Enquirer: 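One structure, as structure tokens, below. Some questions next.
In what follows, chains are A, B, ... by sequence order, proteins preceding strands, each numbered from 1. What's counted below: heavy atoms across the whole structure, side chains too, no hydrogens, waters or symmetry copies. This structure is a prediction, so every number in the text was calculated from the model and none was measured.
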Amino acid sequence: MSFTSGLALRRAIVARPWLHKMMAPIAEKYNDLAGYRKLGLVRDDLIAEENEIVQEALKRLPPKVAYDRVYRLRRAIQCSLAHTILPKEEHTKPEGDISYLMPYIEEIERERKEKEELDSLTRIR
Amino acid sequence: MLARSTLSRGPSQLLARAAPSHRGLAATAASNPFHYRVGKSAGITVASRDDGGPTTTLAVVSRGGSRYETSPGLAHGLEKFAFKNSRRSALRLQRETELLGGSLGSTLSRENIVLRAKFLREDLPYFVEALADVLIHTKYNPYEFNEQVASTLNFEVEKLHHTPAALALEAAHSVAFHKGLGSSRLALTNKYLTSKSITEYSKEVYNKGNIAVVASGAPQLDLERWTAEFFKELPSGTGPVMAPAKYYGGENRLFSPHGNAIVIAFPGSSSPPSFKAEYTVLAYLLGGEASTKWNAGMSLLSQAISETPHTTAVAKHVAYTDTGLLYITIEGSGSAVTQAGGNVVSAIKSLGEAKPEDVKRAIALAKFDVLAAAEDRSAGLEAVGQAVIARGEAPQVEGVVKALDGVTVEAVKAVGKKLLDSKATFVAVGDTYLLPYAGDLGLKI
């Protein structure tokens, strides 16, 4: 089970417009109910970072994006400590909920998979 | 016994044997293995020679060395981005190359970025595509710069700073030519390097009019065919504008804890067509490198430093597109270098009275080195590439050898006398308390 295994399912759904049309509102509702947007987080902030792959992905983030991530996390932790949620205007908007970390994780997983494959490569003449 | 009997025949016979037989050269001219054929393919200049050997060396020369860069270090950054992730990943390229038994590499000079591949003859299409991918599809990811490129850049810069002779030569270029040709070959700082600026520089440098595909050991027709196929997506263009180089000269001193080196340099000759073979001969006349082990050699510089043990003084001539530099590097301990420097300058002053037999020896040495370099699979590719980009024709070795043969003792003496009339470049790197000033050695700055 890798971080990106959900992506395949997502892509399969997006590739079928009728299915996408059906699933999109449900997914949107699910994300909204998950509650992280009320703490000002975006979905990729919730990925567990205590492993090599995500650590490497975090290192690859552009400086501004990495800074924003830390800011969001600190703000969310503060909210959590104070048992509050952010005022309505500071909630993450659905259009602002972009996947900033997943592309990097995907790339690293692809690199690792490729390395594994190449390590057990034989040449067929 | 054999050696004795050979020696007893006297040196005249040995010399006679060493002299080239012109008949032999003429007879093989028809199938000359040194001869480069030049053609155009998809707007790209392609040059190759085929000696029928089992291996091939392929190079893509692009006119994008440090003299053309728009901000410091771009050329170095671009060179080190070669063979990183492109259409295929860097790892895949490397592993596939290993499987085919090939090797990839890149070098950076003041004028060119050279990408090289060495491989078995039948793998030509694969490696043409690999080099084309570098030029066309490299992604220049910011994180690749941070993870892989920056560290190799810094390593090379560190190495430069730990090699006084190399540092002195860098400084000599900077003093001699100021901006452009004099700008540092390596990226001394990463301040100006972003993956965006490197990408922009790559677009400026990697285009059809600015590169040449050169191969040694590949048939011209195959090379043209594969170049047309794989390089067709390369944007057309003519590359960066060259600011003409001007020789200034002067003095510079740098402290270095890693050793002592002095570079004394004079304006030299540019590469062909306006190439003056006298300067090459002059560099060999000054010499400094022994042809046999455990002795100093008979050249002027080896004689000059014979009183100061553990020092070396070597003269070299380097030709650029529109100018050249004749430089002498002296290395050793601080005080010895000062003494050796004085002797070297007297040796330069004595060039006006060079003996004919010394000049003859210098010409023979120069000829050998030119021919040996032409024989070497990878050494000459950059020069060939540079020439075909600039003029559309490859420099042929016979021409250079002929020019060297035509050098007269008088011409060498005249050029030698002229050296000290021109403004010298003097750089001392090391313990600046001990190292001399140009004036101390009798140089005119």
Enquirer: Counting only heavy atoms not in Lys29(A) (residues, nucleotides, ligands), do more than 12 fall under 6.0 Å from its NZ?
Expert: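 Not more than 12 within 6.0 Å, no.
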Enquirer: Does atom CZ of Arg37(B) have more than 12 heavy-atom neighbours, drawn from other residues, nucleotides or ligands, at distances under 6.0 Å?
Expert: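 Count not over threshold, so no.
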Enquirer: Checking an interface table here. Which of residues 74-96 of chain B come within a heavy-atom distance under 4.5 Å of chain A?
Expert: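 When heavy atoms of chain A are the reference, residues 74-96 of chain B contributes Asn85(B), Ser89(B), Leu91(B), Arg92(B), Arg95(B) within the under-4.5 Å range.
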Enquirer: Got more than 12 heavy atoms from elsewhere within 6.0 Å of CZ, Arg72(A)?
Expert: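 Above 12, so yes.
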Enquirer: Taking heavy atoms only and a threshold strictly under 4.5 Å, list by residue number the residues of residues 126-149 of chain B that touch chain A; give 'none' if the list is empty.
Expert: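 Tyr143(B), Glu147(B) fall under the 4.5 Å cut-off.
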Enquirer: Heavy-atom count around Arg112(A) CZ within 6.0 Å, excluding the residue itself: above 12?
Expert: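 Enclosed.
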Enquirer: Would you find more than 12 non-hydrogen atoms of other residues, nucleotides or ligands less than 6.0 Å from Lys208(B) atom NZ?
Expert: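 Correct, the count exceeds 12.
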